[in-house]
Each structure stands twice: as structure tokens, then as C-alpha cells.
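To keep things clear, I will list the structure first and then write my remarks on it.
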Amino acid sequence: MAVWKQLTIYIGKSDRWYHQPLYSALIGLARKRGIAGATVTQAIAGFGKQTTCQTSQLWELSSDVPIVVTMIDTEEALAELLPQVREMVRDGLVTIQNVEVVHHAPVTYH
């Protein structure tokens with residue numbers, strides 16, 4: 001079993017990178033760099049340094065709900081990506097931790 005790294009980025013849904021959602025820009029960057037996997041998850045509730053609790057309610061369509069972007073790849077691949085991620089995430093939290101990959105079956109096209 002391989003030990004890879006997981007890069008986890010905590011941001012808000014309203015965060016932007018130029019004129020696009022930051023989460024979309026981060027996923028695009030990961031894809032462009034050939035990162036093994038990346039996922040964007042919208043949280044139900046959460047808070048950050050402003051300590052205001054943000055929730056994802058149907059009647060709060062414009063609220064800044066928490067978004068988590070997760071990327072998994074080798075330490076080297078994520079280390080190369082990290083400087084650009086740090087530049088893009090102006091208000092949020094970025095963590096990196098070890099993950100044990102027990103199965104990785106990349107898609108193959110025939």
C-alpha cells in the first residue's frame with residue numbers, strides 16, 4: 001500500500017479567483033497538473049476565523065456556505081502544486097496529511 005498525501009482546502013462558496021468560483025479554479029488547476037484525484041464538497045454548516053456559523057439552507061441561496069476541496073496524490077505532486085494553491089486561497093485554511101491508498105484504479109479508455 002502506498003502512502004500519499006491529502007491536501008484539504010477549506011474555503012467559502014463565494015470565494016473567487018478572478019471571475020470564477022475559487023473551488024472551480026482549484027479543481028481546474030489540479031486537473032491541469034495531473035493530480036490523481038480531486039473532489040469539491042459543500043458543507044451543511046461550519047465556521048471559520050470570523051466565527052459566524054454558515055449554513056446551507058434552501059432559503060439561504062446566497063449564503064457563503066463552507067466548501068471543502070480535497071486533492072490526493074504523491075507528496076512530490078502536491079508539493080509542486082502547493083505554492084499556487086497558497087496564492088489562490090486568500091481567506092481559508094489549507095492542510096496536508098498522510099493518507100494510505102489501499103486501492104487506486106485509474107480510468108482507462110479503450
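The distance from the CD1 atom of Ile35 to the CG atom of Leu81 is 5.0 Å, given to the nearest 0.5 Å. Summarising the geometry, atom CG belonging to Leu29 is positioned 5.5 Å from atom CE belonging to Met88; distances are rounded to the nearest 0.5 Å. How far OG1 of Thr39 is from CD1 of Ile27: 6.5 Å, rounded to the nearest 0.5 Å. For the atom pair Trp4 CH2 and Met71 CE, the distance stands at 14.5 Å (nearest 0.5 Å). Rounded to the nearest 0.5 Å, atoms CG (Leu7) and CG (Leu78) are 5.5 Å apart.
Closest approach of Asp91 to Asp15, counting heavy atoms only: O-OD2, 3.5 Å. Shortest non-hydrogen contact noted between His19 and Arg16 is C-CD, 4.4 Å. The two residues Arg90 and Trp17 make their nearest non-hydrogen contact at NH2-CZ3, 3.4 Å. Heavy atoms only, all atoms of each residue included: Ile67 and Gly12 are closest at CG1-C, 4.0 Å.
Counting heavy atoms from C-beta outward, Val94 and Leu82 have side chains that approach closer than 4.5 Å.
With hydrophobic clusters built from ILVMFWY side chains whose heavy atoms lie under 4.5 angstrom apart, Ile9 shares a cluster with Tyr18. When hydrophobic clusters are built by joining Ile, Leu, Val, Met, Phe, Trp and Tyr residues whose side-chain heavy atoms come closer than 4.5 Å, directly or via intermediates, Val85 is not grouped with Tyr10. There is no path of hydrophobic side-chain contacts, each under 4.5 Å, that joins Ile72 to Ile96. A continuous path of hydrophobic side-chain contacts links Val68 to Leu93 [ILVMFWY only; heavy atoms under 4.5 Å]. Both Val69 and Val89 sit in one connected hydrophobic cluster of ILVMFWY residues. Membership requires side-chain heavy atoms under 4.5 Å apart, directly or through other members.
For residues 72-87, the pairs satisfying side chain to side chain donor-acceptor pair (under 3.5 Å) are Arg33-Gln84, with sequence neighbours left out.
Here Thr8 pairs with Gln6, Gln97 under the side chain to side chain donor-acceptor pair (under 3.5 Å) rule; sequence neighbours left out.
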